[in-house]
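Residues: numbered from 1 along the sequence shown.
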Amino acid sequence: QVRLVESGGGLVQAGGSLRLSCAASGLSISTVSMGWFRQAPGKEREFVAGIRFNAGSTWYEEPVKGRFTISEDDRENTVYLQMNSLKPEDTAVYYCNRVGLSGSKSPVYDYWGQGTQVTVSS
């Protein structure tokens, strides 16, 4: 059974940084592509960043390009999202999920973890 546990969120001022973690069990992230998603209040959940298995390639939505970096540690079976130069519009609950082929922005699982709240104050 797949389980995804997100952590690392918090309250930060604009311009600050946070590093999110997604600990996976029930799947090996070294064999699948993974992604980060976020959902702001009153909005649909949206794709943020993806990473191909074995960290072969990464892809990002335009609003976070150059500020966010997705990475993974296959030994820890954990995916990370380093977020720099945070903006108030980055405020959301952040989730991870498996994604399809390289470049995909669609989640594979209907299951979602509890997410981690990121709040950026102006």
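Neither side chain, S104 nor S106, offers a donor N or O lying under 3.5 Å from an acceptor on the other. Checking S17 against N84 by side-chain atom types alone, a donor-acceptor pair falls below 3.5 Å. A donor-acceptor contact closer than 3.5 angstrom is absent between the side chains of S7 and T116.
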- Task: I would like to know whether F37 and W112 meet ring-ring contact (aromatic ring centres under 6.0 Å, His included); could you show each step before the answer?
- Result: CA-CA 10 Å; F37 298 78; W112 295 91; 5.2 Å; yes
- Evaluate the criterion side chain to side chain donor-acceptor pair (under 3.5 Å) for residue pair T119 and T91; output intermediate values, then yes/no. CA-CA 5 Å; T119 303; T91 294; 5.3 Å; no
- Message: I'd like to know whether M34 forms a side-chain contact (heavy atoms from CB on, under 4.5 Å) with L27, so could you lay out the CA-CA distance, the side-chain angles of the two residues, the decisive distance to 0.1 Å, and finally the verdict.
- Response: CA-CA 11 Å; M34 295 292 294; L27 81 159; 4.1 Å; yes
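V99 is listed as a side-chain neighbour of S33, based on a closest heavy-atom distance under 4.5 Å. Using a 4.5 Å heavy-atom cutoff, the side chains of V79 and I70 are in contact. A 4.5 Å side-chain heavy-atom check between R75 and N77 finds every atom pair outside the cut-off. Proximity of W59 to R52: side-chain heavy atoms (C-beta onward) are separated by under 4.5 Å at one or more points. With a 4.5 Å cut-off on side-chain heavy atoms, Y95 and V93 count as touching. For the pair L4/Y111, a side-chain contact is recorded, criterion being any heavy-atom separation below 4.5 Å from C-beta on. Proximity of W36 to C96: side-chain heavy atoms (C-beta onward) are separated by under 4.5 Å at one or more points. With contacts defined as side-chain heavy-atom distances shorter than 4.5 Å, the pair Y80/T69 does not qualify.
The distance from the OG atom of S25 to the CD atom of Q1 is 8.5 Å, given to the nearest 0.5 Å. Here the CZ atom belonging to F68 is positioned 14.0 Å from the OG1 atom belonging to T58, to the nearest 0.5 angstrom. A distance of 10.0 Å separates CD of E76 from OG of S21, quoted to the nearest 0.5 Å. With rounding to the nearest 0.5 angstrom, the OG1 atom of T31 is 9.0 Å from the CG atom of D74.
The nearest pair of heavy atoms linking S102 to S57 is OG-OG, 3.1 Å.
Each of L11, L81, L18 was evaluated against V118; a single residue qualifies, L18, per the side-chain contact (heavy atoms from CB on, under 4.5 Å) test. V48 pairs with exactly one of R38, E61, K105, M83 by the side-chain contact (heavy atoms from CB on, under 4.5 Å) rule, that one being R38.
Side-chain atoms of Q114 come within 3.5 Å of backbone N or O of E6 as a donor-acceptor pair. A distance-only check finds a donor-acceptor pair linking the side chain of R67 to the backbone of S85 [under 3.5 Å]. One N or O on the side chain of N97 and one on the backbone of Y109 form a donor-acceptor pair closer than 3.5 Å.
Under the 4.5 Å side-chain contact rule for hydrophobic residues, L20 and V12 share a cluster. Residue Y94 is grouped with residue Y60 when hydrophobic side chains (ILVMFWY) are merged at heavy-atom distances under 4.5 angstrom, including chains of intermediate members.
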